[in-house]
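Scope of the values below: all heavy atoms of this structure, side chains included, with no hydrogens, waters or symmetry mates.
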Amino acid sequence: MFTKSSLVFSLCASYASAAFIPPSRLDVPVLLGAGGRPILGVGMVRVGTVQHFNFTLTTSLGYSSVANKGSSDFTDTATYDISLSPNAKSLNGSPAMALGGGNFSGSLMKENCSLSTNQGTPWAYTNQTIVLMDNQTQGSPFENGVSGLLGLGTLKKPTTAAGFPATFDDGIYGQYYIRNPEATNFTFGMALKPSPVIPGNGSSLTIPPGAKSLADSNVGTIHWLQPDTSAYQQDKMQWTTVQSGISSGYLTGNEQPDLTVKLDGWSAKIGSNNVANGDGILVNIDPYYSGIYMPGSQARLIHDAIPGSNQVSKSTISGQTVSWEVPCNTNVQFTVAINGQQFTVDQSLIIVNQGDGTCISLIEGFTDSAVTQYIFGQNWLSQLYVIFNIPKDGDAALAFAPRSVSSTKSRDIGAIVGGTVGGVAGVVGLGLLAFYFIRRRQDNSFFKRAAELEEEHKVASTVQPYTFGAPSPDVRPVSYAVSGYTTPPVSPNVPLLNQDPGQLPPSYEEASESGVSSPTRTYPREKAGYRQDTMMTTNGTPSAPVSPNNQTSFAGPSQ
């Protein structure tokens, strides 16, 4: 008979064993917007009609944002209509944010969202604090069909948004941990392709007039909740911890990006010219940007080493950077050192033909000499596999690894050639084998018959003794049948997310509605049960797991 304490223990143990369910990997498609930005499909609904949008993404901010219906600043993109989601929660506060060369602002609300996946079922992420944007300046991303911004920053550093001090719980990761309290890490991997379009604003670098829209072109995949271990070389992976507490050196109007890492330095080889910076550099890894951005003096070092280079006022961060036109036959290798390991991109990702006989470098320099940060964008990221790990507690970390070398084509060719050669050899072998057995049987038959003839000859020439009463022996020759043988048979003008996930769970943080920051979260202690640890290897020996705090454990459903 169970006592009360044993029953409680049994129920707790049962809950713990059921709670630890590692999430399955979801593949989130990344497409190319008409303006050259990477875009994802996002649905928004609390109770009412699901509204579908194309969102670009950034790791620099933790807030997500959407263009508000009725604002005159958004004329060529779908806008969010709050009346279609009558239970959306309005919050106090009017945040204003800067991203790149633009600014945007608006009111705050709580809304449930969903993210398009290749698996066909959207991934729901509920109770998000969203900036309902009412206005933007030139240089903001909300144009050319881009309706919103998916903020992949951590929000662990509270913002100074007017009237609303956002915290970790207001973003994707904090809400995930609230829904899945046993989870300890939120991890995803990026496998991106280079952008064939240079995004820009105003008189800066844009899609050439008359060029076809590249919307809906696939530019990669985000492996959500679990990295794809087959996509990168695990023995060459390098981890680096996110930096915090840096108060200067960033673009005008911008605060420190949430996911800034310190790397060893860079070098560039242009023909016989070599330039380098071996000091540590602070880098923001963000696919929102297309190129490589450096302090002005550093970018000038590289282009001074390129014969025929010419500084121009064109920029992919309008009003913040300058670029250089270079000869189209320029050969350049740009290498970044991470924990002593070298990662290199060449001119195929750095030099872009403008379609008028001139080429431009995607290594840009900041015009403000006070800016000391670096930004590595989509084209640099396209040569690597990058893993983002945001733990419940402790510092976030990023990992970099070379992509896996696909040998599918080689394997296919090898299979065709091998199959053909093997088939021919098989036919020949069968023929030889058949010939061997035929000949062997014929030879055996010949020698056997010869022995019989000899025996018959002996019998014929030998006098048989006569035995009375015994029958005479039958000395007639035995007849033989000769066996026969045969020859062996020789497969953005519309939002990307069009699935209706239905009504999402109406979970709210009521404290946020009054403009007060979310209360301090408390989590239950980890319970005994299933735990998944993912070990990485470096140079063939076990090293740190995916998580820099030595564990990659997930719990709860894949939500």
*Asks:* Does any N or O in the side chain of T260 come within less than 3.5 Å of the main-chain N or O of Q243, such that one atom is a donor and the other an acceptor?
*Replies:*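 Such a contact is absent between T260 side chain and Q243 backbone.
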*Asks:* Please answer whether the main-chain N or O of S60 pairs with a side-chain N or O of T58 as donor and acceptor at a distance below 3.5 Å.
*Replies:*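 Side chain of T58 to backbone of S60: a pair is present.
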*Asks:* Do S318 and Q138 have a side chain donor and acceptor closer than 3.5 Å?
*Replies:*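 Side-chain D/A pair, S318 to Q138: absent.
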*Asks:* Is any side-chain heavy atom of L349 closer than 4.5 Å to one of W380?
*Replies:*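 Sidechains of L349 and W380: no contact.
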*Asks:* Does a donor on one side chain sit under 3.5 Å from an acceptor on the other, for E111 and Y80?
*Replies:*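 A donor-acceptor contact under 3.5 Å links the two side chains.
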*Asks:* Can you measure from OG (S404) to NZ (K236) and round to the nearest 0.5 angstrom?
*Replies:*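 S404 OG to K236 NZ: 10.5 Å, rounded to 0.5 Å.
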*Asks:* Quick check: do I130 and M44 have side-chain heavy atoms less than 4.5 Å from each other?
*Replies:*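 Counting from C-beta outward, I130 and M44 do come under 4.5 Å.
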*Asks:* Considering all heavy atoms of both residues, which atom of Q175 and which atom of D169 are nearest to each other, and what is their separation?
*Replies:*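 Of all heavy-atom pairs spanning Q175 and D169, the closest is NE2-O, 2.8 Å.
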*Asks:* Working to the nearest 0.5 angstrom, can you tell me the gap between Q128 CD and M109 CE?
*Replies:*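 If we round to the nearest 0.5 Å, Q128:CD and M109:CE are 10.5 Å apart.
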*Asks:* To check you understand the geometry: which heavy-atom pair defines the closest contact between L108 and N92, and what is its length?
*Replies:*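 Looking at all heavy atoms of both residues, the closest pair is CD1-O, 3.7 Å.
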*Asks:* First locate atom OH of Y177, then atom CG of D393, and finally report the distance between them rounded to the nearest 0.5 Å.
*Replies:*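 Separation between the atoms: 8.5 Å.
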*Asks:* Do side-chain atoms of D258 reach the backbone of T154 as a donor and acceptor pair under 3.5 angstrom?
*Replies:*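 The answer is yes, because a donor-acceptor pair under 3.5 Å joins these two groups.
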*Asks:* Quick one, L40 and V30 - any side-chain contact, counting heavy atoms below 4.5 Å?
*Replies:*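 Touching, per the 4.5 Å side-chain cut-off.
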*Asks:* For the CG atom of L155 and the CD1 atom of I172, what is their distance to the nearest 0.5 Å?
*Replies:*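 One gets 10.0 Å once the value is rounded to the nearest 0.5 Å.
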*Asks:* Do side-chain atoms of T77 reach the backbone of F74 as a donor and acceptor pair under 3.5 angstrom?
*Replies:*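 Here the side-chain-to-backbone pair does not exist.
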*Asks:* Would a 4.5 Å heavy-atom cut-off, applied to side chains only, mark D286 and Y293 as touching?
*Replies:*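 Answer no - side chains too far apart.
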*Asks:* Looking at side-chain heavy atoms only, is the closest gap between S315 and E364 below 4.5 Å?
*Replies:*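 Counting from C-beta outward, S315 and E364 do come under 4.5 Å.
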*Asks:* How far apart are the closest heavy atoms of I317 and G100, and which atoms are they?
*Replies:*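 Residues I317 and G100, closest heavy atoms: CG2-C, 3.8 Å.
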*Asks:* Return the minimal non-hydrogen interatomic distance between A396 and P391, and the atom names on each side.
*Replies:*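 That closest heavy-atom pairing would be CA-CD, 3.7 Å.
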*Asks:* Check S290 against T316 and note the closest heavy-atom contact, atom names and distance.
*Replies:*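 Smallest heavy-atom distance, with atoms named: OG-CG2, 3.9 Å.
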*Asks:* Any sub-3.5 Å donor-acceptor pair from Q378's side-chain atoms to L192's backbone N or O?
*Replies:*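 No, because the side chain of Q378 does not come within donor-acceptor range (under 3.5 Å) of the backbone of L192.
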*Asks:* Is there a donor-acceptor pair under 3.5 Å between the side chain of Q320 and the backbone N or O of F366?
*Replies:*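 Flag not set: sc Q320 to bb F366 has no pair under 3.5 Å.
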*Asks:* According to the interplanar angle, ranging from 0 to 90°, do the rings of F388 and F188 count as parallel (below 30°), tilted (30 to 60°) or perpendicular (above 60°)?
*Replies:*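 The arrangement is parallel - the two ring planes meet at less than 30°.
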*Asks:* Distance check, rounded to the nearest 0.5 Å: R46 atom CZ versus N87 atom CG?
*Replies:*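 Interatomic distance, R46 CZ to N87 CG, rounded to 0.5 Å: 7.5 Å.
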*Asks:* Start with the C-alpha gap between S24 and L225, add the side-chain angles, then the distance that decides, and say whether side-chain contact (heavy atoms from CB on, under 4.5 Å) holds.
*Replies:* CA-CA 7 Å; S24 299; L225 304 178; over 6 Å; no
*Asks:* Give a yes or no answer on whether the side chain of D264 reaches the backbone of G280 with a donor-acceptor pair at less than 3.5 Å.
*Replies:*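 Answer holds: no.
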*Asks:* Give a yes-or-no answer on whether the side chains of D73 and S71 include a donor-acceptor pair shorter than 3.5 Å.
*Replies:*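 Absent: no donor and acceptor within the cut-off.
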*Asks:* Looking at CZ of F343 and CD1 of I338, how far apart are the two atoms once the value is rounded to the nearest 0.5 Å?
*Replies:*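 Answer rounded to 0.5 Å: 4.5 Å.
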*Asks:* What are the two closest non-hydrogen atoms of F142 and S65, and how far apart are they?
*Replies:*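 Closest heavy-atom pair between F142 and S65: CZ-CB, 4.5 Å.
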*Asks:* Find out whether S90 and I82 are in side-chain contact, i.e. whether some heavy atom of one side chain is under 4.5 Å from a heavy atom of the other.
*Replies:*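 Heavy-atom side-chain distance check passes, below 4.5 Å.
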*Asks:* Can you find a side-chain donor-acceptor pair between T187 and N389 that sits under 3.5 Å?
*Replies:*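 A donor-acceptor contact under 3.5 Å links the two side chains.
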*Asks:* Show your reasoning for whether side-chain contact (heavy atoms from CB on, under 4.5 Å) applies to R25 and T229.
*Replies:* CA-CA 11 Å; R25 189 187 81 228; T229 56; over 6 Å; no
*Asks:* Apply the test side-chain contact (heavy atoms from CB on, under 4.5 Å) to residues Q233 and Y385: give CA-CA distance (whole Å), side-chain angles for both, the deciding distance (0.1 Å), then the verdict.
*Replies:* CA-CA 9 Å; Q233 300 177 39; Y385 190 85; over 6 Å; no
*Asks:* Where do K110 and D170 land on the salt bridge (charged side-chain N to carboxylate O under 4.0 Å, His left out) test, with the steps shown first?
*Replies:* CA-CA 9 Å; K110 284 282 187 178; D170 290 295; 3.6 Å; yes
*Asks:* Can you check whether L57 reaches L149 side chain to side chain, under 4.5 Å on heavy atoms?
*Replies:*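 With C-beta onward as the side chain, the pair stays apart.
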*Asks:* Carefully, step by step, assess N180 and F186 under the rule side-chain contact (heavy atoms from CB on, under 4.5 Å).
*Replies:* CA-CA 11 Å; N180 302 277; F186 191 107; over 6 Å; no
*Asks:* Counting N and O atoms only, with roles assigned by atom type, does the side chain of S147 sit under 3.5 Å from a partner on the main chain of F55, one being a donor and the other an acceptor?
*Replies:*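 Not a single qualifying donor-acceptor pair exists.
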*Asks:* Is there a donor-acceptor pair under 3.5 Å between the side chain of E143 and the backbone N or O of D76?
*Replies:*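 Between the backbone of D76 and the side chain of E143 there is no qualifying donor-acceptor contact (under 3.5 Å).
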*Asks:* Taking the side chain as every heavy atom from C-beta outward, state whether I292 and F334 have any atom pair closer than 4.5 Å.
*Replies:*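 Yes, their side chains come closer than 4.5 Å.
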*Asks:* Give me the ring orientation class for F376 and Y374: parallel if the planes are under 30° apart, tilted from 30 to 60°, perpendicular past 60°.
*Replies:*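 The arrangement is perpendicular - the two ring planes meet at more than 60°.
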*Asks:* Do N135 and S105 have side-chain atoms, one donor and one acceptor, less than 3.5 Å apart?
*Replies:*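 Side-chain D/A pair, N135 to S105: present.
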*Asks:* Return yes if some donor-acceptor pair links the side-chain N/O of T49 with the main-chain N/O of L84 below 3.5 Å, else return no.
*Replies:*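 It does not hold such a pair.
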